[in-house]
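Just so you know, these numbers use all the heavy atoms, side chains as well, and skip hydrogens, waters and symmetry mates. Note that the coordinates shown come from a computational prediction; the quantities given were computed from them, not determined experimentally. Starting from 1, each residue takes its place in the sequence as its number. Both counts, for ligands and for their atoms, begin at 1 and track the order of listing.
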Amino acid sequence: MTEEKGIPASSGYAVAKAYVYRHDAVSVIHEKIAAGEREKEMKRLDDALASASSYISSLISSAIGESERALYSVELLMLSDPEYIKAIKNLIDSSFYPAEWAVESATATFVDALEKLSDEYMKERAVEIKDIANLLLELLNGKSRKGIKLEEDSILIADYLLTSEFLSIEGYPYLKGLVLDVGGKTSHVSILARNRGIPAVVGIKNFAQGVQDGILVAIDGSSGAVIVDPSRKVIYQMMDQKIKDEEKEKRLYQTVKGPSVTKDGKRILLKTNVEGLDGIEPTVSAAAEGIGLFRTEFLVLEKGFSSSDDREFVYEETARLMKDKGKVTFRTLDIGGDKIVKDSNSFEQNPILGWRAIRFSLSHKEIFLNQIKRILKASKYKNVRIMFPLISSIDELDEALSVLQEARRELDEEGVEYDRDIEVGTMIEVPSAAITCDLILEKVDFISVGTNDLIQYTLAVDRGNEKVSYLYQPMHPAILRLLNYVVRTCHEKGKIASICGEMAGDEKYLPLLVGLGFDELSVSPPRILPIRAELRKLSSDDCRTLLNEVLSMSSHKEIEKRLKEFRDERRTGDKE
Ligand code: PEP
Ligand code: MG
């Protein structure tokens, strides 16, 4: 039995067999095969060629835009180039190379020849040949970009995981837990795990490479402990804890009756964050008062850009199911950053500061316009709001608003019904937007603070990088000052202040969010009940006093310490 600690990313306990998934480099053995093995190697090569061809075809159908589609089409053509395939097969047949070595060697010859040509176009084709060869080598190594296929209860252990890979796990109901070498609490894979109640531990450096596939693993997503080959005692303890947690959760359902309100009567709307129809049932059963954030990009990451009909259905169905329950805030696509479309051709050196969210949408106007039209169509139920992500300047907001105008005009021309009074808002995730939120509020109906990003951009800490996770501090005085400024500005402008970052779902920070004066919190579905229960125990007067106290403090450690004391004082008070 060995135990390691990582970053606790999604609470809960799990014990199951390890399913290890690594993206690391493929191995090529440079040893000749026996003559009798050639047939087997030829068959392996043919299978790999067939899988590669269907894989690239699937990329063509989910490509973003013409240039990407054209690139994959060229790759598909090259994959069936008779000269290339003949060269590989000759090496197997005449030189007794195993398939991997034959691919590697034939590719090197082709790349060398292409790079010597003076024609720039032909020279560039070397990149695609290398890409094809990598794909073939992965398939021959049994890695397959087909993704993750679970066939029994499993704890998925990976070096890293793209959100698109998470969303396309085959046999998803078998996923009992997740352990990743990289990542932080607010990485999007951690958020997905939390929203779905999958226990997860991330940022546990170099873990995946040492774990044997199929070995029993136990994880505690609340403490970050991961135990390989656990003793019986550990398994019993974890299962016992799991049962206790489930009983506690059942008791929390008592809070479903009645509104979300502090004990001195301050009403705070409690909404939830979802990324698809799956989130609606927990939302309704926990009596959330609306959807404060619908992350629409996950529908694309799961099914590709070609799934537009599906998306239209999901928007409308969500609005219909929530009709008498609360408003649904659809955020337009936040593609980019750590939410890249699998194998998309959009490599960036620094994606977190790059071509992300509204920037992506404004440079793909067709996609943006169509998405807005679909959201507007769903607004016929009169409970839909639309929100733009990662706004960093008024110019950008104006541009987004003009696309919204265009969408309305087109729907008018088409005679399509939609809510003409639809509320429009922006996320406040970038310090420049927080500082100029007075200007933004002149142009929109509402704003919602996305602290996951606001913290990373204010403190210059990548939210998904475990190496700097110690610097990702929601209680940094700079964050509190920014939040204080944003909430006060909202109130001065007569608007409500909302927050939908992960911070809103953490009981630890709730007294401060109440003290700051937030009117609306949007949290992941499993956090609705605990947050409502906690809210009912707080006095908004005490929270304001606490806020004033901590606003004069200079370090996050001091603030955290005071928050802990506040909780302890209250616990003692509750008992007396
Ligand atoms: C945020 O940044 O706080 C947010 C809610 O958006 P996301 O986590 O999707 O970046
Ligand atoms: Mg964000």
Using heavy-atom distances, let me know which of V430, T163, D453, T451 sits nearest atom 2 (O) of ligand 1. D453
Tell me the contacting part of T186 for ligand 1: side chain, backbone, both, or neither, using a 4.0 Å heavy-atom threshold, strictly below. neither
Near R295 (heavy-atom distance under 4.0 Å), the atoms of ligand 1 are 4 (C), 5 (C), 6 (O), 7 (P), 8 (O), 9 (O)
Should Q456 be listed as contacting ligand 1, given a heavy-atom distance under 4.0 Å as the test? no
Part of D334 within contact of ligand 1 (heavy atoms, under 4.0 Å): side chain
Pair D220-S223, side-chain donor/acceptor within less than 3.5 Å: yes
Looking only at N, O or S atoms, which one in E429 sits nearest to the Mg ion (ligand 2)? OE2
R463 heavy atoms, cut-off 4.0 Å: which ligand 1 atoms fall inside? 2 (O), 7 (P), 8 (O), 10 (O)
For the Mg ion (ligand 2), find the closest N/O/S atom belonging to D453 and write down its atom name. OD2
For K443 and D398, run salt bridge (charged side-chain N to carboxylate O under 4.0 Å, His left out): C-alpha distance rounded to whole Å, both residues' side-chain angles, the deciding distance at 0.1 Å, then the answer. CA-CA 9 Å; K443 302 207 167 224; D398 281 342; 2.8 Å; yes
Below a 4.0 angstrom heavy-atom separation, can you tell me which part of I191, side chain or backbone, both or neither, approaches ligand 1? side chain
Would you call the rings of F330 and Y315 parallel, tilted or perpendicular if under 30° counts as parallel and over 60° as perpendicular? tilted
Give the numbers and elements of all ligand 1 atoms closer than 4.0 Å to a heavy atom of K339. 9 (O)
Name the closest protein heavy atom to atom 6 (O) of ligand 1, giving the residue it belongs to and the distance to 0.1 Å. R331 NH1, 2.9 Å
Carboxylate-amine/guanidinium proximity below 4.0 Å for E534 and K508: no
Where do R567 and E507 land on the salt bridge (charged side-chain N to carboxylate O under 4.0 Å, His left out) test, with the steps shown first? CA-CA 10 Å; R567 277 170 74 95; E507 288 109 314; 5.5 Å; no
Taking E316 first and then K380, would you say they form a salt bridge - that is, a charged N and a carboxylate O separated by under 4.0 Å? yes
Atom 7 (P) of ligand 1 sits nearest the protein heavy atom H188 NE2, 3.1 Å
Residues E312 and K377 bridged, charged N to O under 4.0 Å: yes
For ligand 1, find out whether one of its N or O atoms is nearer than 3.5 Å to an N or O atom of E502. no
Do we see a donor-acceptor contact under 3.5 Å between the side chains of S402 and E406? no
Step by step, would you call E297 with K339 a salt bridge (charged side-chain N to carboxylate O under 4.0 Å, His left out)? CA-CA 8 Å; E297 59 277 5; K339 287 181 279 197; 2.7 Å; yes
Could you tell me which atoms of ligand 1, counted from 1 in the order shown, lie closer than 4.0 angstrom to a heavy atom of M427? 4 (C), 5 (C), 6 (O)
Where's the contact between E275 and ligand 1, heavy-atom distance under 4.0 Å: side chain, backbone, both or neither? neither
Geometric cation-pi criterion R196 and F166, 6.0 Å radius, 45° cone: no
Quick check on contacts: which atoms of ligand 1 are under 4.0 angstrom from a heavy atom of G450? 1 (C), 2 (O), 3 (O)
Show the atoms of ligand 1 that are less than 4.0 angstrom away from any heavy atom in L293. 5 (C)
For C500, the atoms of ligand 1 under 4.0 Å from one of its heavy atoms are 5 (C)
Where's the contact between M503 and ligand 1, heavy-atom distance under 4.0 Å: side chain, backbone, both or neither? neither
Using a 4.0 Å cut-off to any heavy atom of G501, which atoms of ligand 1 qualify? 3 (O)
Tell me, do I358 and F368 make a side-chain contact under 4.5 Å, heavy atoms counted? yes
Electrostatic pair K266:D519 at N-O distance under 4.0 angstrom: yes
Does the pair E549/K561 count as a salt bridge with the N-to-O cut at 4.0 Å? no
Looking only at distances, can you tell me whether any N or O atom of E297, backbone or side chain, sits closer than 3.5 Å to an N or O atom of ligand 1? no
